[in-house]
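Report on the structure given below.
No hydrogens, no waters, no symmetry mates; every other heavy atom, side chains included, goes into these values.
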Amino acid sequence: MVDHEVDTPAGTAVVDADTVDRRGVDGVLARVRAGAGELTGALRRVAEHVLSDPEAAARATIVELAERSGTSPATITRFCRAMGFDGYADLRLGIASETGRARSAGWTVDIGREIQPGDPLERVLGQIIAADTRAMHDTAALLDLVEVERAAVAIARAARVNIFGASGSALVGEEMQFSLHRIGVAAWAWSDVHEGLASAALLGTGDVALGISHTGQTRETIEMLAEAGSRGATTVALTGFPRSPLAELADIVLLTASQATTFRPDALSARHPQLVVLDLLYIAVAQRTHDRAHAAFRRTAQAVDGHKAAKGAS
């Protein structure tokens, strides 16, 4: 169903309220973050305003929220429907409940506040910890464990695993390759598109290709994953956007959330949630290959043991 036109400063925009993918999204704010990138015009402004100050949004009336976001009460109602709520009262209740739990857990400190040049490191540390903790909780709400199970089974059975990523995502991919390699999984990480495409072309049915991109729009990663899929490999996407090009072409989609702070935009702040999801996937693979994984881990540990400094040595 296509929603009515919504008000924007430049005129009108049309948004499909049913296009927001909310699979497995239980946290209210995680749901808004996951859907914000797919909204347009006034609905996007409402989402950004809610995310900038959730507690204030939970206290506001529908008229107040409309005024603060520069929209209208009708737009707020459409936004609630697009996010999967029956009305504004349900949205407010959900946000209030979630921010209340976060406050009691002690990880709401300064989220949304810009880090200033003169801020003491104690305050900066608190902001980083609070933002990363929020991102972890949001990722847990977004993540579909059935999809993690599917990916783990595919990797455990695979003869070869290719991991694709660029820039910061390449670093995350290398960490996953290292972990899998330690338990005897034949895995390679590729960041160069030429080398990655050549390796992807050699994959086949039963192999697995994992593409990592927070935005899901990195062209090189999309090309490498698409090549692997065309050869019959099972494709997995790790991304923050469920309707991104990378997610659309993957057989399995693993979602992460992020909480940007000053000097750490989404692409950088997504690194820790990505590592958590990949750690979960790695452990799930190790569980399903327990005997082989245990033996491989022991042998690899013994192989490097001689390069550790003896206790008491200078």
Side-chain angles (χ1 to χ4, degrees), residues 1-3 13-26 30-41 43-44 47 82-84 138-139 141-155 158 161-170 172-173 176 189-191 193 196-197 199-201 203-258 266-267 270 273-274 277-278 280-281:
M1 176 187 72
V2 177
D3 206 349
V14 178
V15 63
D16 185 346
D18 291 335
T19 62
V20 178
D21 192 327
R22 297 183 298 272
R23 294 173 295 177
V25 184
D26 298 322
R31 187 187 305 183
V32 174
R33 286 191 186 91
E38 301 163 27
L39 299 176
T40 59
L43 294 189
R44 178 67 176 266
M83 292 295 106
D138 286 352
T139 295
L142 282 170
L143 192 60
D144 187 342
L145 295 181
V146 173
E147 293 287 89
V148 176
E149 172 80 23
R150 289 181 60 206
V153 169
I155 292 174
V161 177
N162 270 8
I163 303 169
F164 306 121
S167 191
S169 295
V172 175
M176 183 60 170
W190 305 99
S191 58
V193 66
L197 285 172
S199 184
L203 297 179
T205 303
D207 295 326
V208 174
L210 167 63
I212 304 171
S213 170
H214 172 65
T215 63
Q217 296 179 358
T218 304
R219 182 174 300 173
E220 293 85 350
T221 304
I222 293 169
E223 290 178 358
M224 291 185 285
L225 197 68
E227 176 65 27
S230 72
R231 303 294 177 172
T234 298
T235 53
V236 183
L238 179 67
T239 180
F241 295 87
R243 298 184 69 86
S244 63
L246 187 71
E248 292 286 354
L249 67 84
D251 300 312
I252 300 170
V253 179
L254 306 180
L255 294 176
T256 61
S258 63
D266 281 346
Q274 287 173 338
V277 173
L278 292 179
L280 175 63
L281 179 58

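- Contacts of Thr139 classified as side chain to side chain donor-acceptor pair (under 3.5 Å), with partners at least two apart in sequence or in another chain: none.
- With sequence neighbours excluded, the residues satisfying side chain to side chain donor-acceptor pair (under 3.5 Å) with Ser199 are Arg160, Asn162, Trp190.
- Note that the OG atom of Ser167 and the CD1 atom of Ile212 stand 12.5 Å from one another [nearest 0.5 Å].
- Rounded to the nearest 0.5 Å, atoms CG (Leu246) and CD1 (Ile222) are 6.0 Å apart.
- Using a distance-only test at 3.5 Å, with no hydrogens or angles considered, no donor-acceptor pair links the side chain of Thr234 to the main chain of Val208.
- For the pair Phe164 and Gly196, the tightest heavy-atom approach, listed with the atom from each and the gap, is CE2-O, 3.7 Å.
- Considering every non-hydrogen atom in both Ser244 and Thr215, the closest pair reads CB-O, 3.4 Å.
- In this structure, Ile252 CD1 and Glu149 CD are separated by 10.0 Å, a value rounded to the nearest 0.5 Å.
- The only option from Leu210, Leu249, Asp251 that meets the side chain to side chain contact (heavy atoms under 4.5 Å, CB included) definition with Leu225 turns out to be Leu249.
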Review point. When you look at Asp144 and Leu255, which way does the side chain to side chain contact (heavy atoms under 4.5 Å, CB included) test go after all the steps?
Key: CA-CA 8 Å; Asp144 187 342; Leu255 294 176; over 6 Å; no
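- Atom CD1 of residue Ile155 and atom CG of residue Leu281 lie 4.0 Å apart, to the nearest 0.5 angstrom.
- In this view, Leu280 and Leu143, Leu145, Val148 satisfy the side chain to side chain contact (heavy atoms under 4.5 Å, CB included) rule, not counting sequence neighbours.
- At distances below 3.5 Å, not a single donor-acceptor pair connects side-chain atoms of Asp207 with backbone N or O atoms of Ala158.
- In terms of heavy atoms, Pro273 sits closest to Ala270 at CD-O, 3.2 Å.
- Pairs of residues two or more places apart, or lying in two chains, that qualify as side-chain hydrogen bond (donor to acceptor under 3.5 Å, both in side chains) and include a residue from residues 221-232 are Glu227-Arg231.
- Proximity of a side-chain donor or acceptor of Thr239 to a complementary backbone N or O of Ser213 within less than 3.5 Å is detected.
- Residues Ala189 and Gly173 share a closest heavy-atom pair of CB-O, 4.0 Å.
- Smallest separation of non-hydrogen atoms from Ala200 and Ala228: CB-N, 3.8 Å.
- Between the CE atom of Met224 and the CG atom of Leu203 there is a distance of 12.0 Å, given to the nearest 0.5 Å.
- Looking at every heavy atom in both residues, Ala247 comes nearest to Val253 through O-CG2, 3.6 Å.
- With sequence neighbours excluded, no residue forms a salt bridge (charged side-chain N to carboxylate O under 4.0 Å, His left out) with Glu248.
- Residues satisfying the side chain to side chain donor-acceptor pair (under 3.5 Å) criterion with Arg150, sequence neighbours excluded, are Glu147.
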